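Just so you know, these numbers use all the heavy atoms, side chains as well, and skip hydrogens, waters and symmetry mates. This chain uses plain numbering: 1 for the first residue, then up along the sequence. Everything numeric here is computed off the predicted structure, so don't read it as measured data.
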Amino acid sequence: MSKSKKLKILMAAAEVSPLAKVGGLADVVGSIAPALQKLKTDTRIIMPLYGSIDKKSFSLKKTHSNIKVPSGRVMINVNIWEAILPKSKVKIYFIDAPQYFDQKEVYLKTNNSERFLFFSYAILFILPIINFEPDIIHCHDSHTALIPDIIKTNNLEYIKNLKTLYTIHNFRYQGKTRPTVLSTGNLNADLLKSLSIDIKDGDVNFMVQGVLNADLINTVSPSYAKEIVSSAYGAGLEKIIKRRKNDLFGILNGIDTDFFNPAKDKYIYKKYNINTINKKQDNKVALQKELGLPINKNKAVVALISRFAWQKGIDLFTDEFLTLDCQFVFLGTGSREYEQHIQKLAKKYPKNISANIKFNVELAQKIYASSDIFLMPSRFEPCGLGQMISMRYGTVPVVRETGGLKDSVKSLNIKKGKNRIYRFSKPVTATGFSFKKIDEKEFFEALKSALYVYYNHPESWRHIQKNCMKKDFSWKSSAKEYLQLYKKILKK
Ligand code: ADP
């Protein structure tokens, strides 16, 4: 790329918000692309055309029909559509391959490896057709992790200099499948050493391939990048990722600071900003009313909004927590075991805990705005959004020191002294409370410290809340770091 030319990036992803969203991946791609565009790059997105995407409301236009993409021994008919990502200038290409993506769901119960391998191959195949020559393909998660393999094994002039960045959003979702699937992407284990080694155990692991073959790799927080090379966090791939240690980086995700904004949030009971934080109390009272909790504006409300999964440490929340002087509000769905655990506690202590077993964005916003404290006792956390959203709403997080939680929450240095008196340093820059070990007692103590400051030192508490609200979690700074990483790739 010459200096005068714009850097051209193609983001390849299975999910892009608001077109198709299952989890955080969609938000990241949908936010980072416009942020990069604002940094004077030519960033575009490519994704599958799922049956659920409303062509009319997103103004999709078909630009190419009946392109025959070779896949193993067959030809697969593909159409290409284009649109502009809402509220941006980012162009999105859609690969319309009904055979694989006709259904409404992004992920099906089976066949995902084959579907996304075809998508990955089709991306490279259609580049000359859409007439876009990216400098870098930015691959997200295991779905598109075989793009570097395809580039390396295809002797095509137009992709010869194409570079890749592979972003790992969660190291545990690896995309393992039978090696026969490789032919869908016209891949052959004999052509690439990393593939021939990988399939020796009887399956091919897309994550392994992305890690071994991308030009550079990153995770969604600096701490998670350091953690995954250890056996505790490496999900069985610590030795593999260690090989790329020098090419592995961590960039903290941002949040959509327009959507998550207590001054403009249409869902919350009463809007507020850093100068009117006391209006959080009005929100609190309204939430207590809505959820049937005793109304008391002075009582600390402690919230948890999350997928109910092993990763999130829901099980560290025990009966003992209900002895604390506060009200708990839970919102989440997931594993039956954790749902029942929280429901049982709510039945036993109806005045102290409200269990909301559902997915509800509106209620989530109300809870972020109304609570005093937000819990994230995660076993591991690649980045985590909840703690950043809660800080934006002046709700102080209590987190386990792991991954993105460690990188985004600065704990108050507080120690327990005699006679239930705590000692703590002035909360000059503190934005929360944290604990180290995956341990219910440590978690309990961290929350207890937070409650101590909340009830006994309102001025310090207000200071911490303001520190939280002052933090800049917009995508602008993350986008700048991605830009640096792209530049590093081009120099390689
Ligand atoms: P993960 O992506 O691992 O699930 P994150 O903290 O990165 O966790 O992001 C979770 C996002 O989903 C947050 O924005 C959180 O508010 C939201 N969320 C989780 N559960 C619910 C729910 N039941 N209702 C509404 N929003 C939810």
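A distance of 5.5 Å separates CG in Leu485 from CZ in Phe249, rounded to the nearest 0.5 Å. Once rounded to the nearest 0.5 Å, the distance linking CG of Leu248 with CD1 of Ile228 reads 5.0 Å. A distance of 12.0 Å separates CZ of Arg115 from OG of Ser120, quoted to the nearest 0.5 Å. How far CD1 of Ile389 is from OG1 of Thr395: 11.0 Å, rounded to the nearest 0.5 Å. One distance of note links CG of Leu216 with CG of Leu165; it measures 6.5 Å at 0.5 Å rounding. Interatomic distance, Gln281 CD to Gln288 CD, rounded to the nearest 0.5 Å: 9.5 Å.
Looking only at side-chain heavy atoms (C-beta outward), Ile84 and Ile92 stay at 4.5 Å or farther from each other. Side-chain contact check for Asp319 versus Lys348: some heavy-atom pair is nearer than 4.5 Å. Using a 4.5 Å heavy-atom threshold, the side chains of Cys468 and Pro397 count as touching. Contact annotation: the side chain of Tyr93 never approaches that of Ile45 to less than 4.5 Å [non-hydrogen atoms, C-beta and beyond]. Residues Pro18 and Leu85 meet the side-chain proximity criterion, which asks for heavy atoms closer than 4.5 Å. Within the 4.5 Å cutoff, no side-chain heavy atoms of Ile147 are placed close to those of Tyr166. Taking the side chain as every heavy atom from C-beta outward, Phe94 and Met47 approach each other to under 4.5 Å. Between Asp141 and Phe116, the closest side-chain pair of non-hydrogen atoms is not below 4.5 Å.
Side-chain atoms of Arg400 come within 3.5 Å of backbone atoms of Arg379 as a donor-acceptor pair (strictly under, hydrogens ignored). Proximity of a side-chain donor or acceptor of Asn283 to a complementary backbone N or O of Lys270 within less than 3.5 Å is detected. Without hydrogens or angle criteria, Gln174 side chain to Ala235 main chain gives a donor-acceptor distance under 3.5 Å. Remark: side-chain polar atoms of Thr144 are not paired, donor with acceptor, to backbone N or O of Cys139 under 3.5 angstrom. With hydrogens and angles ignored, the 3.5 Å screen pairs a side-chain donor or acceptor of Gln37 with a backbone N or O of Lys89. Remark: the backbone N or O of Ala20 is not paired with any side-chain donor or acceptor of Glu15 at under 3.5 angstrom. A side-chain donor-acceptor contact under 3.5 Å links Ser52 to the backbone of Lys104. Between the Ser221 side chain and the Gly404 main chain, a donor and an acceptor come within less than 3.5 Å of each other. For the pair Thr323 (side chain) and Glu320 (backbone), a donor-acceptor distance under 3.5 Å is present. Remark: side-chain polar atoms of Ser390 are paired, donor with acceptor, to backbone N or O of Gln387 under 3.5 angstrom.
For Tyr272, there are no ring pair (Phe, Tyr, Trp, His ring centres under 6.0 Å) partners, not counting sequence neighbours. With sequence neighbours excluded, the residues satisfying side chain to side chain contact (heavy atoms under 4.5 Å, CB included) with Asn170 are Arg172, Tyr173, Tyr224, Gln311, Phe380, Pro382. Residues passing the ring pair (Phe, Tyr, Trp, His ring centres under 6.0 Å) test with Tyr393: none are found, sequence neighbours excluded.
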Ignoring hydrogens and angles, write down the donor-acceptor pairs under 3.5 Å from the side chains of residues 291-305, residues two or more places apart or on other chains.
{"from": "Asn296", "atom 1": "OD1", "to": "Asn298", "atom 2": "N", "distance (Å)": "2.9"}
{"from": "Asn296", "atom 1": "OD1", "to": "Lys299", "atom 2": "N", "distance (Å)": "3.4"}
{"from": "Lys299", "atom 1": "NZ", "to": "Asp325", "atom 2": "OD1", "distance (Å)": "2.7"}

Side-chain donor-acceptor distances from residues 255-264 under 3.5 Å, at least two apart:
{"from": "Asp256", "atom 1": "OD1", "to": "Asp258", "atom 2": "N", "distance (Å)": "3.0"}
{"from": "Asp256", "atom 1": "OD1", "to": "Phe259", "atom 2": "N", "distance (Å)": "3.1"}
{"from": "Asn261", "atom 1": "OD1", "to": "Ala263", "atom 2": "N", "distance (Å)": "3.0"}

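A salt bridge links Arg244 with Asp247: the closest approach of a Lys/Arg side-chain nitrogen to an acidic carboxylate oxygen falls below 4.0 angstrom. Taking the charged nitrogens against the carboxylate oxygens, Lys436 and Glu442 have no contact shorter than 4.0 Å, which rules out a salt bridge. Taking the charged nitrogens against the carboxylate oxygens, Glu459 and Arg462 have no contact shorter than 4.0 Å, which rules out a salt bridge. The residues Glu381 and Lys312 are annotated as salt-bridged, a charged nitrogen and a carboxylate oxygen being separated by less than 4.0 angstrom. Using a 4.0 Å cut-off between charged nitrogen and carboxylate oxygen, Lys284 and Asp372 count as a salt-bridge pair. Salt-bridge check for Asp42 with Arg44: passed, with a basic side-chain N closer than 4.0 Å to an acidic carboxylate O. Salt bridge annotation for Asp27-Lys21: present, with a cationic side-chain nitrogen under 4.0 angstrom from a carboxylate oxygen.
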Exercise. Quick one: do Thr43 and Thr41 satisfy side chain to side chain donor-acceptor pair (under 3.5 Å)? Show the steps, please.
Key: CA-CA 6 Å; Thr43 301; Thr41 64; 2.6 Å; yes
Quiz item: Can you list the steps and then say if Asn205 with Asp198 is a side chain to side chain donor-acceptor pair (under 3.5 Å)?
Solution: CA-CA 7 Å; Asn205 184 319; Asp198 189 2; 5.7 Å; no
Exercise. Show your reasoning for whether ring-ring contact (aromatic ring centres under 6.0 Å, His included) applies to Phe317 and His341.
Key: CA-CA 9 Å; Phe317 185 85; His341 170 57; 7.1 Å; no
Practice problem: Check the pair Thr167 / Asn218 against side chain to side chain donor-acceptor pair (under 3.5 Å), numbers first and verdict last. | Solution: CA-CA 5 Å; Thr167 299; Asn218 81 291; 2.6 Å; yes
Practice problem: Please lay out, stage by stage, how Phe374 and Tyr368 fare under the test ring-ring contact (aromatic ring centres under 6.0 Å, His included). | Solution: CA-CA 8 Å; Phe374 190 78; Tyr368 282 120; 5.2 Å; yes
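Residue pairs satisfying the salt bridge (charged side-chain N to carboxylate O under 4.0 Å, His left out) criterion with at least one member in residues 212-240, sequence neighbours excluded, are absent.
A side-chain donor-acceptor contact under 3.5 Å links Gln209 and Ser194. Thr318 and Glu440 are not linked by any side-chain donor-acceptor pair at a separation below 3.5 angstrom, with hydrogens and angles left out of the test. Side-chain N/O atoms of Asn467 and Thr431 include no donor and acceptor closer than 3.5 Å. A donor atom on one side chain and an acceptor atom on the other are found under 3.5 Å apart for Ser354 and Asn356.
Counting heavy-atom neighbours within 6.0 Å of Lys163 NZ, excluding the residue itself, gives a total above 12. Taking a 6.0 Å sphere around NZ of Lys492, one finds it holds more than 12 heavy atoms contributed by other residues, nucleotides or ligands. Residue-environment remark: NZ (Lys176) stays at or below the threshold of 12 foreign heavy atoms within 6.0 Å.
The aromatic rings of Phe328 and Phe321 sit perpendicular, their planes meeting at an angle over 60°, well past the 30° parallel limit. Ring orientation note: the planes of His457 and Tyr452 are tilted relative to one another, at an angle of 30° to 60°. Ring geometry, His140 versus His169: the interplanar angle falls from 30° to 60°, so the pair is classed tilted. Note: Phe330 and Phe308 have perpendicular aromatic rings, judged against thresholds of 30 and 60 degrees for the angle between ring planes.
Counting all heavy atoms, side chain and backbone alike, Ala14 lies closest to Val106 at O-CG1, 3.8 Å.
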